[in-house]
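For ligands, and for the atoms within them, numbers begin at 1 and follow the listed sequence. No experiment lies behind these values; they were computed from the predicted model shown.
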Amino acid sequence: MSRQMVYVQQCKGVNGLEKIILREVRGFSAEIYLYGGQVTSWKNELGEELLFVSSKASFKPPKSIRGGIPICFPQFSNHGSLEQHGFARNRFWTLDPNPPPFPTTSTNRAFIDLILKNSEDDSKSWPHRYEFRLRISLGPAGDLMMTSRIRNTNTDGKSFTFTFAYNTYFYVTDISEVRIEGLETLDYLDNLKNRERFTEQGDAITFESEVDKVYLSTPTKIAIIDHERKRTFVMRKDGLPDAVVWNPWDKKAKTISDLGDGEYKHMLCVQAACIENPITLKPGEEWKGRQEISPVPSSYCSGQLDPRKVLFSY
Ligand code: TA6
C-alpha cells in the first residue's frame, strides 16, 4: 500500500511550543514555530540543514529564537522607539483559518498561512490596528517562499509607518570562505559607524571581521556562495529594496548570550528588508513584501544561470 505524502503537519517542538512541518516529495522540508511566526529549519533533499540556529537558542518566550528567519516588524533594529527589531518575532502567531485569495499560479502543496494582529499590550507602544498575514511555502525544488501582507485596519483614520526585515540566518560552512554577489558597488549604511553612508568598493563581498551593513536600493537577486560546501543560496525579493548583511565575528559574538562559542563562523545573516524608506499605510491599505530563497550547486554563477534551470538541468 502506498503511503500518503503529508505536506503539512502540526506538532510540538522544543519546550512544547507549537510548530508546523512542511515537506515536499523530493525530501525538502521546513519547520515553522507559531512563536515568532519563525522558520527555524529548512533542509534540502539530503536532509542537510540550510539555516543556522544557535545551539544556545532559548525557545523560551519572551526571548526571540536566535537563528532561522525571525521577522522584524514594525521596526528594524533600534531605528525607532520600540524594542530591538520590533515585537513580531516574540509574539504567538496563529494559523490563518481564512486567508484572502492569494494571487499566484503556484501549485505548491506545502504551505501555511499565519496571522498576527494587534494586541492590547502592544497598543501601548504602537497604538495601531493591523493584520499581518504571512504565507510560508516550500516549492517542489526546495525553494522557500515567504510573503508578508500587512494591512492597516485602524478605525481612527490614522496611518502608520513601519520598517521590516526577513532576518535570514544562512548556515555556512566557514564564513571566511563565503562570498556575496549582487551588492558590490552599492551604497550602504554602516551600523558599526553610526549608520554613516559609504559606497561598497571592489568585487564580491567577503568576510574577515565584524560586518553590520544596510545596503540600499539593492537588486532583486542576491547570491550567497558557500565555497567550501559548493553551494549557493539565491535570494530573490520583491517590495524589499534594502539588504542587511550581518556577522558579529568573534568579539561581538562573545557578548551575545544565546550564541555558542565559535558559532559565528557558521552563520551569515542576509536580510531582505525595507529600512531606508519606511512604509506608510493609510487605513485600508496593504503592503506586500516577498522573499524567495533557493539552494543551488555552486556551479551556478549569479546573473548567468537561472537556479531553477540548474536544479532541473534543462
Ligand atoms: O541585523 C542587524 C542587527 O541589527 C545587528 O546590529 C545585530 O544587533 C543583529 O541585528 C542582531 O540583533 P538581535 O536583537 O537579534 O540580537
### Task
Any chance you could measure K43, atom NZ, to E31, atom CD, to the nearest 0.5 Å?
6.0 Å
### Message
Going by ring-ring contact (aromatic ring centres under 6.0 Å, His included), name the pairs with one or both residues in residues 50-71, residues two or more places apart or in two chains.
### Response
Y33-F59
### Query
Which ILVMFWY residues are connected to I21, directly or by a chain of links, through side-chain heavy atoms under 4.5 Å apart?
none
### Query
Taking any residue with a non-hydrogen atom under 4.0 angstrom from an atom of ligand 1, which ones do you get?
R66, F76, S77, Q84, H85, R89, D212, V244, W246, Q271
#### Entry: Within residues 241-254 or reaching into it, pairs that qualify as side-chain hydrogen bond (donor to acceptor under 3.5 Å, both in side chains) - sequence neighbours excluded
E210-K252
### Query
K19 and S41: side-chain donor and acceptor closer than 3.5 Å?
no
### Task
With ring pair (Phe, Tyr, Trp, His ring centres under 6.0 Å) as the test, would you mind laying out the steps for W126 and F162 before giving the verdict?
CA-CA 10 Å; W126 206 62; F162 63 91; 7.2 Å; no
